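From a predicted model like this one, the values you see are computed outputs, not experimental measurements.
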Amino acid sequence: MTNGLDPVLPAGRTWRDWAVDAVLFCSAVFLGMVVLGVVEEQGELSGRVAELDPLLGLVTCLALWWRRRFPLAVALIGLPAVALSTSALPAGAVIVTNFALRLRWRQALLTLGAYVVCMVPSGLLLYGRGADLFVDAVFCLAYLLTTFAWGHALRSRRLLLQRLRVDAERARAEHERRLADARRGERQAIAREMHDVLAHRVSLLSVHAGALAYRTRQAQAGAGPALDSAEVAESAEVIRGSAHEAVEELQEVLHLLRAEGDGEPVSLLPRIEDIDSLVADARATGQPVDFHPELTADAVHELRSQLHRTVYRVAQEGLTNARKHAPGAPVSVCLAGGPGRGLTVEVRNELPASSGTDEAIPGTGAGLTGLAERVRLDGGTHDHKVADGIFTLCARLPWSAR
């Protein structure tokens, strides 16, 4: 009998199984000798049966060693021995419990029926008389049903434990899947954050470097004055500072990958008040920016941190896009709203026919897509359009206080 599909059959014998088998074998032999001695002392066995009784009992006890792997074969071997040998009764109890535990229920019931048919009339063969046949039949039925019920209870318990293990594994796999989804979402959030941070800083670098190269070419062509050493040093210092800030902000974003817990460093959470610095950086590159904050400081202070971050990113993305696609064009940034009215962020810029540099600043084109997802996650709406030569980026967010 192989394992097949029955989950109760073992795949191999462990040291614990060897110890249990040894204890059961020794106990079956000892109790079998006790039962045989009591019956022989009473002189109730017939002569020929008394001679075979010890041999059948020993065979039944030896068969216990293979009951785990071959429960049906052991049950069939023990059937005649249990019916004809009193010394096999202890080992027979183990065999009946074993096939109730390990066989499928149909096989187990058929085997139990065979034991009932063979054991009930065994009193005539063992004692050579039928006077106590009813008592013997009742004893045999009680013996078989008790051991079978015990084996069935063990089977039910093992199947229950196995089902609980499967459920636990399934729950663990589901938990791992949710963790993987959370990690994937966090990586996507970090990718969006890296885009927002680096696109802004790199666009500043590109504007400064492009202006420096443009002035140098103009001077070489005799179309403009040459840059003096102070202007070159100033431009180089601005480029160096922007590069340094880009590296620092990238390190802060990547710190999310190693941060423990749910909290984030305060420096990673830009606030609406930081838009002033954002506008100042843009103006330092020569980008004309008109900033209209129509929010009171007290009202802004009560907003959720995530809402601060989203508003900041909308303004940052608008300024970055204007710098990339409309360099030198005037930009208007407007913040408006209040409790009960929501929060509106609008960035507007003209679209000139040509830029002052030879090449446009490259980009992935995914900034507005990521921004729309960020706004949607905060329960807001996002819109961008071009009308009458004006590009408008607008985000409307619910006013959500802490």
Side-chain angles (χ1 to χ4, degrees), residues 189 192-193 195-201 203-204 207 245 249 252-253 264 266-351 367-402:
R192 290 193 298 268
E193 197 72 20
H195 172 275
D196 294 339
V197 171
L198 293 182
H200 175 70
R201 290 298 175 186
S203 66
L204 292 176
V207 168
E245 291 177 357
E249 291 180 346
E252 288 182 340
V253 172
E264 294 181 348
V266 176
S267 59
L268 289 180
L269 297 175
R271 299 181 60 81
I272 293 177
E273 295 89 337
D274 298 327
I275 297 179
D276 290 330
S277 300
L278 199 65
V279 171
D281 289 341
R283 288 171 177 169
T285 65
Q287 185 179 24
V289 181
D290 189 11
F291 183 36
H292 300 282
E294 301 177 5
L295 302 174
T296 64
D298 292 338
V300 169
H301 181 71
E302 295 299 326
L303 290 174
R304 289 188 301 113
S305 298
Q306 181 60 33
L307 201 59
H308 278 268
R309 193 175 188 178
T310 301
V311 172
Y312 180 90
R313 294 308 179 196
V314 172
Q316 184 183 57
E317 183 66 23
L319 291 173
T320 301
N321 282 339
R323 191 159 44 247
K324 289 163 61 176
H325 304 296
V331 182
S332 173
V333 180
C334 181
L335 302 180
R341 295 188 293 122
L343 181 59
T344 302
V345 189
E346 186 177 81
V347 183
R348 297 163 57 92
N349 63 272
E350 298 179 2
L351 294 178
L368 293 178
T369 302
L371 186 63
E373 182 179 357
R374 184 191 294 272
V375 172
R376 180 183 60 82
L377 291 176
D378 276 338
T381 59
H382 166 272
D383 182 34
H384 61 277
K385 61 183 178 179
V386 177
D388 300 328
I390 302 295
F391 177 81
T392 303
L393 171 64
C394 183
R396 297 176 179 85
L397 296 159
W399 190 275
S400 179
R402 286 179 291 185

S.K.: side-chain contact (heavy atoms from CB on, under 4.5 Å) with Leu335: which of Thr344, Val314, Val345?
M.R.: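 Exactly one option meets the side-chain contact (heavy atoms from CB on, under 4.5 Å) with Leu335, and it is Val345.
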
S.K.: When you measure from the side chain of Arg341 to the backbone of Gly337, do you find a donor-acceptor pair of N or O atoms at a distance under 3.5 Å?
M.R.: yes

S.K.: Of the non-hydrogen atoms in Leu278 and Ala315, which two are nearest, and what is the gap between them?
M.R.: CD2-C, 4.0 Å

S.K.: Can you measure from CG (Asp383) to CG (Leu393) and round to the nearest 0.5 angstrom?
M.R.: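 Here the rounded value is 8.5 Å.
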
S.K.: Measure the NZ-CG distance between Lys324 and Leu319 for me, rounded to the nearest 0.5 Å.
M.R.: 12.5 Å

S.K.: Quick check: closest heavy atoms across Ala329 and Gln287, and the distance to 0.1 Å?
M.R.: O-CG, 4.5 Å

S.K.: Could you report the tightest heavy-atom contact between Pro398 and Gly379, atom names first, then the distance?
M.R.: CD-O, 3.5 Å

S.K.: Do you know which two heavy atoms are closest between Glu294 and Ala336, and how far apart they sit?
M.R.: OE1-CB, 3.6 Å

S.K.: Do the non-hydrogen side-chain atoms of Leu303 and Leu343 ever get within less than 4.5 Å of each other?
M.R.: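 Side-chain contact under 4.5 Å: yes.
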
S.K.: Evaluate side chain to side chain contact (heavy atoms under 4.5 Å, CB included) for Glu346 paired with Val333, printing each intermediate quantity in order.
M.R.: CA-CA 6 Å; Glu346 186 177 81; Val333 180; over 6 Å; no

S.K.: Report yes if the side chains of Val279 and Val331 come closer than 4.5 Å at any heavy-atom pair, otherwise no.
M.R.: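 No; the side chains remain at least 4.5 Å from each other.
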
S.K.: Evaluate the side-chain proximity of Arg304 to Asp378: yes if any heavy-atom separation is below 4.5 Å, no if none is.
M.R.: yes

S.K.: Can you see which heavy atom on Phe391 is nearest to which on His384, and at what distance?
M.R.: CZ-CB, 3.9 Å

S.K.: To the nearest 0.5 Å, what is the distance between CD1 (Ile272) and OG1 (Thr310)?
M.R.: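 So the gap between those two atoms works out to 9.5 Å.
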
S.K.: Please round to the nearest 0.5 Å and tell me the distance separating atom CG of Asp281 and atom CZ of Arg323.
M.R.: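 If I round to the nearest 0.5 Å, the distance is 8.0 Å.
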
S.K.: Can you find a heavy atom in the side chain of Asp274 that is under 4.5 Å from one in the side chain of Arg271?
M.R.: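 Answer yes - side chains close enough.
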
S.K.: How close do Arg283 and Asp290 get, heavy atom to heavy atom, and via which atoms?
M.R.: NH2-CA, 4.3 Å

S.K.: Counting N and O atoms only, with roles assigned by atom type, does the side chain of His308 sit under 3.5 Å from a partner on the main chain of Val300, one being a donor and the other an acceptor?
M.R.: yes

S.K.: Quick one, Val375 and Arg396 - any side-chain contact, counting heavy atoms below 4.5 Å?
M.R.: no

